[in-house]
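Structure first, then comments.
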There are 2 protein chains.
Amino acid sequence: MRAIVINGAGGPEVLEWREVPEPTLRPGDVLIEVTASAVNRADILQRMGFYDPPPGESKYPGLECSGVIVETGPDVVGLSVGDRVCALLAGGGYAERVAVPWQQVMPLPEGVSEVEAAGLPEVACTVWSNLFMTARLRRGETLLVHGGASGVGTMAIQLAKAHGARVVATTGSDAKAGRLRELGADEVVNYRTEDFAEKVEADVILDIIGAKYLSRNIKALRTGGRLVVIGLQGGATAELDLRALLTKRASVHGTTLRSRPADEKGVICRGVVQDVWPLVAAGAVRPVVHAELPMAQAAEAHRMLDSGDHIGKILLVR
Amino acid sequence: MRAIVINGAGGPEVLEWREVPEPTLRPGDVLIEVTASAVNRADILQRMGFYDPPPGESKYPGLECSGVIVETGPDVVGLSVGDRVCALLAGGGYAERVAVPWQQVMPLPEGVSEVEAAGLPEVACTVWSNLFMTARLRRGETLLVHGGASGVGTMAIQLAKAHGARVVATTGSDAKAGRLRELGADEVVNYRTEDFAEKVEADVILDIIGAKYLSRNIKALRTGGRLVVIGLQGGATAELDLRALLTKRASVHGTTLRSRPADEKGVICRGVVQDVWPLVAAGAVRPVVHAELPMAQAAEAHRMLDSGDHIGKILLVR
């Protein structure tokens, strides 16, 4: 089969669409003939050599896909050859075929195309697990989501609104603010011209920046607030004011999705199918797609994500 | 009535047992004729001028007591004059009488004396709320508790063991280690001679040190671990390694009990009555009392706590 291979750490130019060996199925795996995949920031870190795949996982990038099951290994539960599905992957989505544990496979949600569905697993699983399993966001609470125009950001805005939260989103461009409001954001803060910590009081913060925002995020938390850090675009180490944390009875959570065992991912996928897919079917939560490119043009897709001009997901189609 | 008055911030000598006005009952308050109170580290901070009582609360020290209800204000639910009780206070326990919201009043647990019961509310509410509401400690997990010989430490060891956890406790004295093992600690680490972060892998850490231990606490956390900081004896600000937090999918929680509204304290007290009091009645969790002193000798009790030679609670008896 063909896949996008990373020819040594580097820029987008190291990505090459070429012939590679077929995936091998482990017990519990299904083989998916890929219809589409999508670009995540983690793919760019992996391309640059900063984020190796977990041991034993595919070396090719791609953390999600849609497609059709063409083979099932032993110990697979509830899935059959011919099922049209989407899946959360630990890697290997930029390929013609990918093997994935059955727990990470989900039915296509109603009301979206098979191509659009390729961009839902990562954002739906990331947002749902962090807002509802980790931060326990409740109706009437305020969510602050950084990077509101990202794939995760656009899903977080919609999903939090659908659950009755008030949503404040940050973005670096006034041009994007209107689109974030259309998606449901009650307030949009331009981080280039305003200090969010002066403007926002939040019960939950979903953060992709890390160190650079740590003290301001804690300042912006209300009593009982939960800060969930899922990215470190602004560095990894920063001073933490524990007195503020105690006074506010607040918490700081770090999470990643990719390194979790298949059973934990499975619990998240079941939650997404039960809670998020009906909202997608009802039109309350929509895939936000910035662009669709042929998979062989993954390098161009990476440049597009790097530029930061996108809103929502960039899809890679076979 | 008489109470311990803090005559200006300072050492134990500023504590004076003298005549003061009677407490006034707010709606929802009961008046307790105090049998005994107990010393907490927060009382020492308050005496030194570092920890003022929340607005509107008694200026006298004392965060817990036992005694008998002698008056009930309007809007009190489920309590009557003559009830023998213990209570979680926002202050004012070092006194002949104290007013307290009804939500913070608990029945005496079976199997302990009324004097012993005076030392249970703070430790039971602190440990129960932090281990089970905040950190969600589960059967089979490992708890690391710093300051194992403190009132909170001795309760945490017993309560975590009673819930099927493995318990590691730190202490600064080999002489105390045996007593902590008797209380149920599976392992005791002398922090003066050993680095706990080299020896322990914990799912939950209950910490009273703060800044000085932050990086080592995070190092000692297992994947999915929860660090709960309830004291800052080792400082308030320290560098946080967010990458370690993400990689471990771990969390840092800060909490305090005293500043919570009465309704939240009430939820905790109901949990303690339901979950901890039966364990006390069954003998699985015992009050650990280091000394009982007359309330007028509060200064001596503070010196005793300051010396750090105690194991468990120091009680003040009328």
Side-chain angles (χ1 to χ4, degrees), chain A residues 42 45 50-52 54 126 129-130 133-136 204 207-215 217-218 221 223-261 263-265 267-268, chain B residues 42 45 50-52 54 126 129-130 133-136 204 207-215 217-218 221 223-261 263-265 267-268:
Chain A
L45 294 176
F50 298 136
Y51 193 43
D52 289 337
T126 296
S129 63
N130 282 296
M133 292 176 72
T134 300
R136 295 166 193 269
V204 172
D207 176 59
I208 53 173
I209 301 299
K212 187 177 163 192
Y213 275 8
L214 182 62
S215 66
N217 275 332
I218 292 194
L221 280 182
T223 299
R226 293 84 77 196
L227 165 62
V228 185
V229 181
I230 62 171
L232 300 172
Q233 295 181 32
T237 56
E239 196 165 84
L240 175 64
D241 179 355
L242 285 165
R243 191 180 306 280
L245 212 64
L246 265 72
T247 304
K248 293 191 174 191
R249 305 194 294 277
S251 54
V252 181
H253 304 253
T255 77
T256 58
L257 187 53
R258 190 184 195 181
S259 61
R260 294 185 189 228
D263 281 344
E264 283 188 33
K265 287 178 179 165
V267 169
I268 294 169
Chain B
L45 295 176
F50 298 136
Y51 195 42
D52 288 337
T126 296
S129 63
N130 282 296
M133 293 175 72
T134 301
R136 296 166 193 268
V204 172
D207 176 58
I208 53 174
I209 302 298
K212 187 176 163 192
Y213 276 7
L214 182 62
S215 67
N217 275 333
I218 293 198
L221 280 182
T223 298
R226 294 84 77 195
L227 165 62
V228 185
V229 181
I230 62 171
L232 300 171
Q233 294 182 31
T237 55
E239 195 165 85
L240 175 64
D241 179 355
L242 284 165
R243 190 179 306 280
L245 212 64
L246 265 72
T247 304
K248 293 191 174 191
R249 305 195 293 278
S251 54
V252 181
H253 305 253
T255 78
T256 58
L257 187 53
R258 190 184 195 181
S259 60
R260 294 185 189 228
D263 281 345
E264 283 188 32
K265 287 178 179 165
V267 169
I268 295 169

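Numbered from 1 within each chain, the chains take letters A, B, ... in sequence-line order.
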For chain B, the option from A:Gly231, A:Ala244, A:Ala236 that forms the most heavy-atom pairs under 4.5 Å: A:Ala236
Given the options B:Ile230, B:Leu232, B:Asp241, B:Thr247, which has more heavy-atom pairs under 4.5 Å with chain A than any of the others? B:Leu232
Between A:Thr237, A:Leu227, A:Val228, who has the most heavy-atom pairs with chain B when the cutoff is under 4.5 Å? A:Thr237
About how many Å separate CZ of B:Arg243 and OG1 of A:Thr256, when rounded to the nearest 0.5 Å? 11.5 Å
As an exercise, state the distance from NZ of A:Lys248 to OG1 of B:Thr255, rounded to the nearest 0.5 Å. 15.5 Å
Measure B:Arg258 against the heavy atoms of chain A and call it side chain, backbone, both or neither at under 4.5 Å. neither
A:Val229 and its side chain to side chain contact (heavy atoms under 4.5 Å, CB included) partner, picked from B:Leu240, B:Leu245, B:Leu242: B:Leu242
Run the side chain to side chain contact (heavy atoms under 4.5 Å, CB included) check on B:His253 and A:His253 step by step: do they pass? CA-CA 8 Å; B:His253 305 253; A:His253 304 253; 3.6 Å; yes
Distance (rounded to the nearest 0.5 Å) between B:Arg260 CZ and A:Arg249 CZ: 5.0 Å
Go through the atoms of B:Arg226 and report whether side chain, backbone, both or neither lie under 4.5 Å from a heavy atom of chain A. neither
Can you pull out every ring-ring contact (aromatic ring centres under 6.0 Å, His included) where at least one residue sits in residues 227-252 of chain A? Sequence neighbours excluded, please. none
Note: vs chain A, highest number of non-hydrogen pairs under 4.5 angstrom among B:Gly210, B:Ser259, B:Ser251 is B:Ser251
